[in-house]
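Working notes, structure below.
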Amino acid sequence: QVQLRESGGGLVQAGGSLRLSCVASGRTSSNKYAMGWFRQTPGQDRAFVGTIVWNDGSTYYHDSAKGRFTISKDNSKNTVYLQMNSLRSEDTGVYYCATKEIWDYMSDYDLFTHYDYWGQGTQVTVSS
């Protein structure tokens, strides 16, 4: 029932920046939600990049993203953003946004996996 649509991917030189967007639609529940970002490289499983809890704005990042990537949201636009700075070649891949419901009994570790709805992905290529 939830539809996610990413945009903003493209070609960028190493050391450059890029901002991805993900627009969510069709959500009807009042539960808490997490909006996550994942990267997939050919031959690899989708890897967790970071996530934001929609309701309070708290964020969590994979170690490779800490200090370089920032996740934010715009409630009025139902949009989450992934701001990527100091990009490196290993950041290359297809980036997906995803969402899941979260519950109070869950630990923070549960924010890193088991997302239920996914966007179509957007390609990010970092040269060199």
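All values below come from the heavy atoms of this structure, side chains included, with hydrogens, waters and symmetry mates left out.
- At most 12 non-hydrogen atoms from other residues, nucleotides or ligands lie less than 6.0 angstrom from CZ of Arg5.
- The distance from the CG atom of Leu111 to the OG atom of Ser58 is 7.0 Å, given to the nearest 0.5 Å.
- Put simply, the side chain of Thr92 never gets that close to the backbone of Thr125: no donor and acceptor are under 3.5 Å apart.
- Here the side chain of Thr79 pairs a donor or acceptor atom with the backbone of Lys77 at under 3.5 angstrom.
- In the model, Arg19 has no side-chain atom that pairs as donor or acceptor with a side-chain atom of Tyr81 under 3.5 Å.
- One distance of note links CG of Asn78 with OG of Ser25; it measures 8.5 Å at 0.5 Å rounding.
- Of all heavy-atom pairs between Lys100 and Thr113, the closest is NZ-O, 2.7 Å.
- For Ser17, the side-chain contact (heavy atoms from CB on, under 4.5 Å) criterion is met by Gln83, Asn85, not counting sequence neighbours.
- Contact between Ser86 and Arg68 at its shortest, heavy atoms only, is O-NH1, 3.0 Å.
- For the pair Val49 and Ala65, the tightest heavy-atom approach, listed with the atom from each and the gap, is O-CB, 3.8 Å.
- Residue pairs that meet the disulfide (SG to SG under 2.5 Å) test with at least one member in residues 35-69, sequence neighbours left out, do not exist here.
- Taking both residues in full, the closest heavy atoms of Ser64 and Arg39 are given as OG-NH2, 4.5 Å, listed atom of the first, atom of the second, then distance.
- Partners of Val12 by side-chain contact (heavy atoms from CB on, under 4.5 Å), not counting sequence neighbours, listed by chain and number: Leu87, Val126.
- Cluster membership check: Phe112 shares its hydrophobic cluster with Val53, using side-chain heavy-atom separations under 4.5 Å among Ile, Leu, Val, Met, Phe, Trp and Tyr.
- Asn31 CG to Glu101 CD: the interatomic distance, rounded to the nearest 0.5 Å, is 4.5 Å.
- Within the structure, ring pair (Phe, Tyr, Trp, His ring centres under 6.0 Å) pairs that include any residue of residues 50-73 do not occur (at least two apart or interchain).
- Asn55 CG to Ile102 CD1: the interatomic distance, rounded to the nearest 0.5 Å, is 6.0 Å.
- Val94 is linked by a side-chain contact (heavy atoms from CB on, under 4.5 Å) to Tyr96, Gln123, counting only residues two or more places apart in sequence or in another chain.
- Remark: Asp116 pairs with no residue by the salt bridge (Lys or Arg N to Asp or Glu O under 4.0 Å) rule, at least two apart or across chains.
- Residue pairs meeting the ring pair (Phe, Tyr, Trp, His ring centres under 6.0 Å) criterion with at least one partner in residues 12-38, sequence neighbours excluded, are Phe38-Phe48, Phe38-Tyr115, Phe38-Trp118.
- Considering only residues two or more places apart in sequence or on other chains, Asp45 meets the side-chain contact (heavy atoms from CB on, under 4.5 Å) condition with none of them.
- Side chain of Glu6 to main chain of Gln120: a donor-acceptor pair is present (N/O by atom type, distance under 3.5 Å, no hydrogens or angles).
- Arg27 and Thr99 share a side-chain donor-acceptor pair at under 3.5 Å.
- Annotation: disulfide (SG to SG under 2.5 Å) contacts involving residues 40-86, sequence neighbours excluded, are absent.
- Here Val23 is tied to no hydrophobic group at all, with no ILVMFWY side chain closer than 4.5 Å.
- Scanning all heavy atoms of the two residues, the minimum distance from Ala24 to Leu4 falls at CB-CD2, 3.6 Å.
- Atom-to-atom distance recorded for Met84:CE and Asp91:CG is 7.5 Å, nearest 0.5 angstrom.
- Each disulfide (SG to SG under 2.5 Å) pair with one or both residues in residues 13-121, not counting sequence neighbours, appears once here: Cys22-Cys97.
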Which donor-acceptor pairs under 3.5 Å do the side chains of residues 103-110 make with protein atoms, sequence neighbours left out?
residue : atom : partner : partner atom : Å
Asp104  : OD1  : Lys32   : NZ           : 3.3
Ser107  : OG   : Tyr109  : N            : 3.3
Asp110  : OD2  : Ser107  : N            : 3.0

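- Considering every non-hydrogen atom in both Thr59 and Ile71, the closest pair reads CG2-O, 3.7 Å.
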